[in-house]
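Lettering of chains follows the sequences in order, A, B, ..., and the numbering in each one begins at 1. Everything numeric in this text was worked out from a predicted model, so none of it was measured.
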There are 2 protein chains.
Amino acid sequence: MSENPTDLRVVRTKQAIRSALIALMEEKGFEAICVKDITERATINRGTFYSHYEDKFDLMDKCQEQLLKEMETKIVPNIPKLIEETKQDDAGPMPISALMPFFEFLRANQSFMKALLGPRGDAAFQVKMKECLHRGLFGQEHAIFKAEGLLVPPRYLASYIASAHIGIIQEWLNGGAIEPPEDIARIISGMTIKGPLFAAGIRQKPDA
Amino acid sequence: MSENPTDLRVVRTKQAIRSALIALMEEKGFEAICVKDITERATINRGTFYSHYEDKFDLMDKCQEQLLKEMETKIVPNIPKLIEETKQDDAGPMPISALMPFFEFLRANQSFMKALLGPRGDAAFQVKMKECLHRGLFGQEHAIFKAEGLLVPPRYLASYIASAHIGIIQEWLNGGAIEPPEDIARIISGMTIKGPLFAAGIRQKPDA
DNA sequence: AAGTAAAACGACAGTTTGTTTATTATCTTA
DNA sequence: TAAGATAATAAACAAACTGTCGTTTTACTT
């Protein structure tokens, strides 16, 4: 309810609860977590949990919402830049600078992201994240892809690209996000623009 | 334990349990299902459930395992054909015939697949399915992609392609799998071989 | 330093879980 | 088709988790 919690106790408890959630997600997965687990890990009273959240699902929702809100911030403002770079590219370097804030954000929130997108994560979050990417790429007034004249139904184009990106992110996080964000941005852009097989060096010169 | 259940009672109950699981998955999602729900829906005694499965997770595992086993059957035997078609294509029709059994299988198991891959589904299943696709494409002796000379790390190539495919499948199932399998196969192949942007008609003639 | 609000504590009934018992129903096969 | 085997039912059990409440204690704000 409280928008701006000024009381330090509230801030502390909420932080403890969220940290506990993330830690437990990595250990057991959300499904196996019960409220008792969370409160024990956060060393707070169980009743206190219920004074902040309805149940563990409510907690999860709030955490995801916050994350997605921030995430969108890292994408939307960079769309115009991305369009520029995508258009002018053909042989030169891949358009990566526009994607950097996004991947840096993912790395900064590594543990939670990994837990959410991992095998014990939340399928609903993947859907939300796809929608986020979708809005970022298609929902703008200066959208990359005008929905006219496509050879493939827009839904499928969007699904393909969004899912592929999430797949790369999962792989990246799963390996500990060792590679610098630039590398990942380059890999993703290359495969999306030139096509996965071509970018990988398997197919050569695909002409119509 | 029993490999081949000859007793009709066993067959009946197991079938009832699985049907109940699928129905409830669509309604509430796996997370919200309890054993009591399943047994009530299946109109069997709760004790009977426990004589067949350890818990709802065990049931889920068994169902997924069976599905994945069959699924692999629809992919692996068609890999050689797929390679042929992928190689010879450049301007002609997309290689689709090799993918048909796979998409037909998905459609035949529509409700369960949709539930598993949907927002209330199981993230672990998506991972397993990606591994399945991965094995199908990379794990063969006559693999499509030799792991040498790739411009993109093989892990990322595989993740990209597998995730993109699953994304398309999700979109397809989510819309009720209205389009015939051929159409979906064509869309998927096109984007993978020529690249999503090119296949969509946004970029033209991508040369190195 | 006083007033206020949060957190802790402990208890509550209601569910769900997994196990176990004795009993009934049903299938297999001889 | 009858006998024996085995699956399914019914009912009860402790244990764990849930969500809620009222009271007491703690600690933050001003």
Under 3.5 Å donor-acceptor pairs involving side-chain atoms of residues 165-174 of chain A, not counting sequence neighbours:
from     : atom 1 : to       : atom 2 : distance (Å)
A:His165 : NE2    : A:Thr192 : OG1    : 3.3
A:Gln170 : OE1    : B:Lys130 : NZ     : 2.7
A:Gln170 : NE2    : A:Leu117 : O      : 2.9
A:Glu171 : OE1    : B:Ser159 : OG     : 2.7
A:Glu171 : OE2    : B:Arg155 : NE     : 3.1
A:Trp172 : NE1    : A:Glu179 : O      : 3.0

Using distance only, find each side-chain donor-acceptor pair of residues 68-75 of chain A under 3.5 Å and give its atom names and separation, not counting sequence neighbours.
from    : atom 1 : to       : atom 2 : distance (Å)
A:Glu72 : OE1    : A:Arg135 : NH2    : 2.9
A:Glu72 : OE2    : A:Arg135 : NE     : 2.8
A:Thr73 : OG1    : A:Lys69  : O      : 3.3

Cut-off 3.5 Å, no hydrogens considered: what does the side-chain donor-acceptor table look like for residues 15-24 of chain A, sequence neighbours left out?
from    : atom 1 : to      : atom 2 : distance (Å)
A:Arg18 : NH1    : A:Gln66 : OE1    : 2.2
A:Ser19 : OG     : A:Gln15 : O      : 3.0

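Residues in residues 119-129 of chain B take part in these side-chain hydrogen bond (donor to acceptor under 3.5 Å, both in side chains) pairs, two or more places apart or across chains: B:Gln64-B:Asp122, B:Gln64-B:Lys128. Annotation: ring pair (Phe, Tyr, Trp, His ring centres under 6.0 Å) contacts involving residues 16-49 of chain B, sequence neighbours excluded, comprise B:Phe30-B:Phe57, B:Phe49-B:Tyr53.
Not one N or O on the side chain of A:Ser189 forms a donor-acceptor pair closer than 3.5 Å with the backbone of A:Arg186.
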Sugar-phosphate or base contact per nucleotide [nucleotides 24-30 of chain D; S, B, -; heavy atom under 4.0 Å]: ---BSS-
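A heavy atom closer than 4.0 Å to some atom of DNA chain C occurs in B:Cys34, B:Val35, B:Lys36, B:Arg46, B:Tyr50, B:Asp55, these being the qualifying members of residues 30-59 of chain B.
For A:Asp58, the salt bridge (Lys or Arg N to Asp or Glu O under 4.0 Å) partners are A:Lys62, not counting sequence neighbours. Evaluation of the salt bridge (Lys or Arg N to Asp or Glu O under 4.0 Å) rule for A:Glu54 yields no partner, not counting sequence neighbours. A search for salt bridge (Lys or Arg N to Asp or Glu O under 4.0 Å) contacts involving A:Arg41 returns A:Glu27, not counting sequence neighbours. Under the salt bridge (Lys or Arg N to Asp or Glu O under 4.0 Å) criterion, A:Arg107 pairs with no residue, sequence neighbours left out.
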Please, what dot-bracket string fits DNA chain D when only Watson-Crick and G-U pairs with both distances under 3.5 Å count, crossing ones use [ ] and pairs to another strand use |? ||||||||||||.|||||.|||||||||||
